[in-house]
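What follows is a set of notes on a single structure, which appears directly below.
Just so we're on the same page: letters track the sequence lines, and every chain starts at 1. What you are looking at is a predicted structure, and each value in this text was computed from that prediction instead of being measured.
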Number of protein chains: 2
Amino acid sequence: MIFIVQQKESYIDRKVISIGVVRELTGLSDRQIRYYEERKLVFPERSKGGNRKYSFSDVKALVEIADKIEDGVQTHEIRQEKLKENRKIEQEKMRKKMLQGQLNAHFGLRN
Amino acid sequence: MIFIVQQKESYIDRKVISIGVVRELTGLSDRQIRYYEERKLVFPERSKGGNRKYSFSDVKALVEIADKIEDGVQTHEIRQEKLKENRKIEQEKMRKKMLQGQLNAHFGLRN
DNA sequence: CGTGTAAGGAATTCTGACACG
DNA sequence: CGTGTAAGGAATTCTGACACG
């Protein structure tokens with residue numbers, strides 16, 4: 001018997017962390033963190049007053065970005081990589097969705 | 001066959017959220033949030049500059065506290081409840097630990 | 001290209017107190 | 001008891017720019 005455990009994980013993507021905490025969590029400078037945003041590698045939300053709010057996912061991504069840059073990868077290359085990954089993920093989703101559709105057509109299942 | 005899935009959940013207890021975000025997340029006023037701390041119902045950490053930092057657990061707890069107060073429960077009663085709960089949890093842990101110790105003594109198992 | 005820095009201003013948070021009840 | 005509020009100050013964050021390379 002197999003149990004598939006679906007993770008809620010509603011926390012990891014909540015944009016609630018200010019840049020100062022991100023600085024401490026990542027060890028990066030404000031300048032770096034803001035620059036990676038400028039290069040469209042992270043997308044913090046903003047408070048009403050305009051202050052950046054990051055998620056734990058963002059924190060993780062920032063560290064990975066910094067690692068790549070340290071390895072000599074340029075920001076636009078990193079962005080391209082991400083786009084490629086996302087496209088792949090989207091394709092995979094679409095593939096599953098279509099398969100589901102076919103199954104439904106044949107067997108009349110509802111999800 | 002049984003799979004026991006151990007949750008890392010390293011996010012839920014990280015004290016990274018400033019009081020402004022907590023205010024939005026809970027719908028409570030700063031005054032209420034700080035007062036519940038004064039009554040030792042939540043325990044935010046502090047930034048170097050002295051600013052409060054809360055976890056998602058704290059956010060959840062704050063909502064529950066506010067609900068109870070709205071039901072007429074007083075803060076010191078809520079604190080007593082928590083202490084009782086914690087004691088129960090500690091006992092349970094201790095019980096398991098002792099059971100484990102007995103098993104080890106009998107069968108020479110290491111964990 | 002990626003990052004440091006000084007500059008001036010705005011948003012955020014802090015504490016202690018008075019008020020009501 | 002639990003919460004609102006005005007007060008003054010301190011910590012935090014923002015943007016745009018200059019600098020180096």
Side-chain angles (χ1 to χ4, degrees), chain A residues 14-83, chain B residues 14-83:
Chain A
R14 299 301 293 275
K15 308 269 189 176
V16 297
I17 311 177
S18 59
I19 197 166
V21 174
V22 174
R23 194 196 312 124
E24 293 177 349
L25 257 32
T26 61
L28 303 177
S29 69
D30 303 29
R31 188 65 167 94
Q32 289 175 298
I33 298 170
R34 295 203 189 97
Y35 181 65
Y36 301 159
E37 177 186 3
E38 188 184 321
R39 303 313 313 273
K40 307 217 178 298
L41 298 177
V42 282
F43 306 92
E45 292 182 356
R46 298 281 183 144
S47 70
K48 297 165 188 176
N51 285 21
R52 273 166 266 251
K53 296 298 174 189
Y54 299 85
S55 66
F56 283 110
S57 301
D58 293 331
V59 169
K60 193 182 163 203
L62 282 167
V63 173
E64 290 172 358
I65 292 164
D67 284 344
K68 289 182 184 171
I69 288 179
E70 204 164 15
D71 290 348
V73 186
Q74 294 197 337
T75 53
H76 75 270
E77 299 175 302
I78 299 175
R79 183 162 58 251
Q80 295 311 319
E81 287 176 26
K82 298 233 169 161
L83 288 174
Chain B
R14 300 300 293 276
K15 307 270 189 175
V16 297
I17 310 176
S18 59
I19 197 167
V21 174
V22 174
R23 193 196 313 126
E24 293 177 349
L25 257 34
T26 61
L28 303 178
S29 69
D30 303 31
R31 188 66 168 92
Q32 290 174 299
I33 298 170
R34 294 202 189 98
Y35 182 65
Y36 301 159
E37 176 186 2
E38 188 184 321
R39 304 313 312 271
K40 308 218 178 297
L41 297 177
V42 282
F43 307 92
E45 293 182 355
R46 297 282 182 143
S47 70
K48 297 164 189 177
N51 285 22
R52 273 165 266 251
K53 296 298 174 189
Y54 299 85
S55 66
F56 282 109
S57 300
D58 292 332
V59 169
K60 194 182 163 204
L62 282 166
V63 173
E64 291 172 359
I65 292 164
D67 285 345
K68 289 181 184 172
I69 288 181
E70 204 164 12
D71 290 347
V73 187
Q74 294 197 337
T75 53
H76 75 269
E77 300 175 304
I78 299 176
R79 184 162 60 251
Q80 295 311 320
E81 287 177 25
K82 297 233 170 162
L83 287 175

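Look at CD on Q32(B): it is 11 Å from P on dT5(D), rounded to the nearest Å. Taking atom NZ on K53(B) and atom C1' on dT13(C), their separation rounds to 9 Å, with Å as the unit. Y35(B) has its OH atom 22 Å from the P atom of dT13(C), to the nearest Å. Here the P atom of nucleotide dG2(D) and the CG atom of L62(B) are 14 Å apart, to the nearest Å. Here the C1' atom of nucleotide dT3(C) and the CD atom of E38(A) are 11 Å apart, to the nearest Å. The nearest whole Å value for the distance from the CD1 atom in I69(A) to the P atom in dG4(C) is 11 Å. Here dG2(D) presents its P atom at 9 Å from CD of E77(B), a figure rounded to the nearest Å. Between the CD atom of E37(A) and the P atom of dT13(D) there is a distance of 14 Å, rounded to whole Å.
With hydrogens and angles left out, the side chain of R31(B) and the base of dT5(D) share a donor-acceptor pair within 3.5 Å. For R34(A) against dT15(D), no side-chain N or O and base N or O form a donor-acceptor pair under 3.5 Å.
Just one of K82(A), H76(A), E77(A) meets the side chain to side chain contact (heavy atoms under 4.5 Å, CB included) condition when paired with R79(A); it is H76(A). The only member of K53(B), R14(B), K15(B) that meets salt bridge (charged side-chain N to carboxylate O under 4.0 Å, His left out) when paired with D58(B) is K15(B).
Looking at every heavy atom in both residues, P44(A) comes nearest to R52(A) through CG-CG, 3.8 Å. Between S55(A) and I17(A), the closest heavy-atom pair is C-CD1, 4.1 Å. Of all heavy-atom pairs between L28(B) and L62(B), the closest is CD1-O, 3.9 Å. Among all heavy-atom pairs drawn from L25(A) and V16(B), the shortest one is CD2-CG1, 4.2 Å.
For R52(B), a side-chain nitrogen or oxygen approaches OP1 or OP2 of dC14(C) to under 4.0 Å. OP1 and OP2 of dT12(C) both lie 4.0 Å or more from every side-chain N or O belonging to S18(A). Taking only side-chain nitrogens and oxygens, R23(A) comes nearer than 4.0 Å to OP1 or OP2 of dT13(D).
Mapping D30(B) and K48(B) onto DNA chain D via the closest heavy atom, the residue that lands nearer the 5' end is D30(B). The residue among G50(A) and V73(A) whose nearest nucleotide of DNA chain C is located toward the 5' end is V73(A). Nearest-nucleotide mapping onto DNA chain C: of T75(A) and I19(B), the residue sitting toward the 5' end is T75(A). With DNA chain D read from its 5' end, the first of the two nearest nucleotides for Y36(B) and N51(B) is the one closest to Y36(B).
With pairs defined as Watson-Crick or G-U wobble and both atom distances under 3.5 Å, the stems of at least three pairs that touch DNA chain D come out as C:2-5 with D:17-20, C:17-20 with D:2-5.
Remark: T75(A) OG1 to Y35(A) OH distance equals 4.5 Å, nearest 0.5 Å.
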